[in-house]
Protein chains: 2
Amino acid sequence: MATCRFAFAVHVLTVLAQHKTRCSSSASLARTVNTNPVVIRRLLVDLQNAGLIRTLRGPQGGAVLAKRPEKISLRQVHSAVESPELFGRHPNPPSKECPVGQKIESVLGYVESRAARSLSRELQAISLADIVRRVQRT
Amino acid sequence: MATCRFAFAVHVLTVLAQHKTRCSSSASLARTVNTNPVVIRRLLVDLQNAGLIRTLRGPQGGAVLAKRPEKISLRQVHSAVESPELFGRHPNPPSKECPVGQKIESVLGYVESRAARSLSRELQAISLADIVRRVQRT
DNA sequence: TTGATTTGTAATAAATACAGTTACATATTA
DNA sequence: TAATATGTAACTGTATTTATTACAAATCAA
């Protein structure tokens, strides 16, 4: 995972959690994250599709949380904004002449699914409320 | 992690495990992985530094396992050839004016360390011997 | 209804990272 | 000494990603 979308998303959602029902515009979110508003808006689209936020257009528009922070897990956030792949696979198909080459891809699939499940479980155990608490008391 | 180095490493080590004490050249390994020998040699350097294989130069040279497949875990393989970072962080430092911006980076460090530990534990539970067994019987 | 504000999205630029490649020095064996 | 193999530097091509510009679509308030 070479992207910072998960980091951005956690940051943005933490701000929204503190603003409660008040809308935050992509411009103001971009300022705290230190990026471009369009980058934030693209993120908001994915978070909205995952049901974590709602957005409103027009004056006083912006984003608000769609659920209580206790009900949002980092697993949901991660799966909303990042690719599920944990590590890259063979870019060119391995040799079918070699017995290992023939079967390694499916075995790597097994490894990846175990790794993904484990990561998932861990992220599921961390809620946005936990993050807010840590940001406040750190 | 956008790289395929872990996939390549598992593939290569599986071949070495089957060849036991016979050396495999980077050229022959590159053929089964379907890549360039230099890519393999760069990988072998890292695997050697991690103590998982030994390499020999000259005729009949190449790579052999340095330990029994039961003693090599995918955690060792992963940490030998991939960056430990599980997800990207803020490319530009977040705003210090925003209370969330001030502290989000350290909180994300906590999240990442939990995620990394969880992934580590899962990969530690899979040995190269397990992979060889699955390749053979699949 | 108009003007201001904000999201949604397309198109593109710029930077970065990675696999792949060529070339060659170094080491080892027979 | 000739052949073979690793180790490594340098470079290329490509893909990915963040950032940016521009603008249409929606919303609200006066």
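In what follows, every chain begins at residue 1, and chains take the letters A, B, ... in the order their sequences are listed. Just the heavy atoms: all of them, side chains too, but no hydrogens, waters or symmetry mates, feed the values below.
The phosphate of C:dT7 has OP1 or OP2 within less than 4.0 Å of a side-chain N or O from A:Ser26. Between A:Gln48 and the phosphate of C:dG8, there is a side-chain N or O to OP1/OP2 separation shorter than 4.0 Å. Phosphate proximity of C:dG20 to B:Thr35: present, with a side-chain N or O under 4.0 Å from OP1 or OP2.
In this structure, A:Gly61 reaches the sugar-phosphate backbone alone: every heavy-atom distance under 4.0 Å involves primed, P, OP1 or OP2 atoms, never a base.
Across all their heavy atoms, A:Ala9 and A:Leu43 have their closest contact at N-CD2, 3.6 Å. The minimum heavy-atom distance linking A:Val33 with B:His90 is given by the pair O-CD2, 3.9 Å. Across every non-hydrogen atom of A:Glu112 and A:Leu86, the tightest pair is OE2-N, 2.7 Å.
For the residue pair A:Ser127 and A:Glu70, no side-chain donor N or O sits within less than 3.5 Å of a side-chain acceptor on the partner. Side-chain N/O atoms of A:Ser95 and B:Arg31 include no donor and acceptor closer than 3.5 Å. A:Gln124 and A:Ser73 share no side-chain donor-acceptor pair at under 3.5 Å.
No N or O donor and acceptor, one from the side chain of B:Arg41 and one from the base of C:dT22, sit under 3.5 Å apart.
Taking the side chain of A:Val38 as heavy atoms from C-beta on, and the options C:dA10, C:dT6, C:dA19, the nearest nucleotide is C:dA10. Candidate nucleotides C:dT22, C:dT28, C:dT7 were compared by shortest atom distance to the side chain of A:Thr55, and C:dT7 ranks first. The side chain of B:Val39 lies closest to C:dA19 when the candidates are C:dA19, C:dT26, C:dA11.
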Inset, instruction - Start with the C-alpha distance between B:Glu82 and B:Arg5, add both sets of side-chain angles, then the distance that settles salt bridge (Lys or Arg N to Asp or Glu O under 4.0 Å), and finish with yes or no. - result: CA-CA 7 Å; B:Glu82 294 272 11; B:Arg5 302 192 84 222; over 6 Å; no

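Of the residues in residues 93-103 of chain A, not one places a heavy atom less than 4.0 Å from an atom of DNA chain C. DNA chain C is contacted by B:Phe8 of residues 6-14 of chain B, taking any non-hydrogen atom closer than 4.0 Å.
Listed for the A:Arg89 side chain is a donor-acceptor partner under 3.5 Å among the backbone atoms of A:Glu105.
Once you apply a 4.0 Å limit to the heavy atoms of chain A, the touched nucleotides of DNA chain D run 5' to 3' over D:dT17 to D:dC28.
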